[in-house]
Amino acid sequence: MDTIAARWARLQPHVQIVGPDDDRPRPTVLLFHGCGGLRSHLPRYAEAAKAAGWRAAIVDSYGPRGWGRAFTLTTVCTGLVFRGYERAGDVLAAIHGLSQRPDVDASQLALAGWSHGGWAIMEMMSETPAPRRMGVADPATVDLSGVKAVFLAYAYIGPWAFNRMKPWRLHPRVFALTARRDHLTTVRNAERVNTMIRECGSEVESWIADGTHAFDEPTNNGPMRHDPVLTDEALRRFQAWLEATGAAQGAS
């Protein structure tokens with residue numbers, strides 16, 4: 001089983017940094033893709049972060065494992081392998097590794113996850129960091145004090161997300177995007193989860209977008225339908241949320 005350092009060593013070559021063209025420490029948002037892997041919508045969110053004065057780190061969980069899209073669609077997306085509580089180790093390792101960069105303000109971090117990526121973030125937020133939890137040997141070694149905000153885009157909270165109602169151990173600002181026509185959850189289920197997070201002490205902004213699961217991804221697969229207009233609105237809200245988060249934390 002990987003240590004945090006070993007997991008980061010595997011992930012680091014597959015992390016893309018986007019941000020203002022300078023080397024000063026800036027608030028940074030870590031982007032975690034859905035079960036289908038990296039798609040062209042995440043770079044657009046990274047550019048929105050850049051426009052807000054943030055850096056963005058797009059974390060590819062599949063590149064280090066040699067997994068292609070066909071494999072992950074049939075195994076990860078069906079819940080056979082690499083569930084959110086296992087991928088949570090990637091979230092921890094990325095926080096640890098990116099916090100070491102001189103151009104990252106480690107005291108001003110945000111986590112953003114789409115579907116499976118949101119699931120992984122939520123598992124990390126709720127799991128006890130005991131040895132060998134979250135797919136890594138030493139989860140308690142990661143300093144999470146800099147995580148000030150979480151963006152959840154139609155996070156997976158279906159049957160395999162056993163801990164979706166488990167209280168969070170941190171209390172960041174949260175933006176929860178729910179797709180009204182999501183085939184993987186109901187709005188009622190999503191709002192129950194959002195209420196739980198609020199009751200843990202987090203400020204939660206909820207947006208119920210009138211689209212399908214993965215409406216901002218360039219796909220028309222099964223019940224999922226891309227909506228360009230709604231995608232633009234999601235990007236606008238993401239940028240505004242980062243700007244507000246930075247202002248709330250006094251980031252320059």
Side-chain angles (χ1 to χ4, degrees), residues 1-16 28-38 42 57-101 104 106 109-147 150-170 172 184 193 197 200:
M1 177 174 285
D2 286 343
T3 62
I4 289 293
R7 179 66 61 85
W8 173 242
R10 294 173 63 194
L11 287 172
Q12 186 174 12
H14 301 272
V15 175
Q16 178 186 356
T28 300
V29 56
L30 286 58
L31 278 54
F32 296 90
H33 58 74
C35 71
L38 286 179
L42 283 199
I58 305 174
V59 181
D60 179 3
S61 284
Y62 295 164
R65 295 172 169 88
W67 295 348
R69 181 166 169 80
F71 173 80
T72 58
L73 287 176
T74 56
T75 59
V76 182
C77 291
T78 57
L80 294 177
V81 300
F82 203 48
R83 295 175 182 171
Y85 44 82
E86 299 169 296
R87 191 179 177 194
D90 283 16
V91 179
L92 286 171
I95 292 169
H96 166 76
L98 289 161
S99 293
Q100 314 307 311
R101 290 178 58 102
V104 168
L109 300 178
L111 308 176
W114 284 256
S115 191
H116 192 282
W119 180 16
I121 291 169
M122 294 178 74
E123 293 284 349
M124 189 279 292
M125 296 297 291
S126 63
E127 182 58 273
T128 301
R132 305 180 70 82
R133 295 285 182 91
M134 295 178 274
V136 288
D138 52 348
T141 61
V142 180
D143 181 4
L144 300 178
S145 62
V147 178
V150 168
F151 181 91
L152 300 172
Y154 42 82
Y156 176 74
I157 49 175
W160 295 118
F162 307 120
N163 294 325
R164 61 185 176 275
M165 292 299 292
K166 185 176 180 180
W168 286 17
R169 55 197 173 103
L170 300 176
L184 296 175
V193 174
I197 298 171
C200 291

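Because the structure is predicted, anything quoted here is derived from the model rather than measured.
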- Item | Least distance between heavy atoms, C35 atom then V76 atom | CB-CG1, 4.0 Å
- Scanning both residues in full, the closest heavy-atom pair of A93 with R7 reads CB-CG, 3.5 Å
- Are side-chain heavy atoms of T72 and H33 found at a separation under 4.5 Å? no
- Task: Kindly compute the distance separating CH2 (W114) from CG (L152), expressed to the nearest 0.5 Å.
- Result: 10.0 Å
- Message: How long is the straight-line distance from OH of Y85 back to CZ of F162, given to the nearest 0.5 Å?
- Response: 5.0 Å
- Query: If you round to the nearest 0.5 Å, how far is CG of L144 from CG of L109?
  - Reply: 9.5 Å
- Hey, does I157 have a side-chain heavy atom less than 4.5 Å from the side chain of M122? yes
- Check: G79 main-chain N/O paired with R83 side-chain donor or acceptor under 3.5 Å: yes
- Salt bridge E127-K166, side-chain N to carboxylate O under 4.0 Å: yes
- Task: Answer yes if the side chains of N163 and S126 hold a donor-acceptor pair under 3.5 Å, and no otherwise.
- Result: no
- Query: Heavy atoms, side chains only, cut-off 4.5 Å: are M124 and I95 in contact?
  - Reply: yes
- Task: Output the distance between atom OG (S115) and atom OH (Y156), rounded to the nearest 0.5 Å.
- Result: 9.0 Å
- Query: Quick one: ring-ring contact (aromatic ring centres under 6.0 Å, His included) partners of W67, sequence neighbours excluded?
  - Reply: Y62, F71, F82
- Message: In the structure I gave you, are the side-chain heavy atoms of P172 and M125 within less than 4.5 Å of one another anywhere?
- Response: yes
- Task: Indicate the atoms forming the closest heavy-atom contact of M134 with P139, along with that distance.
- Result: CE-CB, 3.7 Å
- Quick one: closest heavy-atom pair of A140 and P129, and the distance? CB-O, 3.4 Å
- Heavy atoms, side chains only, cut-off 4.5 Å: are V29 and F151 in contact? no
- Under the side chain to side chain donor-acceptor pair (under 3.5 Å) test, residues paired with R169 that sit two or more places apart: none
- Query: Would you call W8 and D2 a side-chain contact if the rule is heavy atoms closer than 4.5 Å?
  - Reply: no
- Note on the structure: Between V59 and L11 the two heavy atoms that sit nearest each other are CG1-CD2, 4.4 Å
- Message: Minimum heavy-atom separation for A112 and I121, please, with both atom names.
- Response: C-CD1, 3.5 Å
- Identify, with sequence neighbours excluded, every residue that meets side chain to side chain donor-acceptor pair (under 3.5 Å) alongside D138. none
- Supply the atom-to-atom distance I197 CD1 to R164 CZ, rounded to the nearest 0.5 angstrom. 12.5 Å
- Task: Starting at CZ of R132, measure out to CE of M1 and round the result to the nearest 0.5 Å.
- Result: 4.5 Å
- Message: Using side-chain heavy atoms (C-beta onward) and a distance below 4.5 Å, is E86 in contact with E123?
- Response: no
- Query: Do V15 and L30 have side-chain heavy atoms sitting under 4.5 Å apart?
  - Reply: no
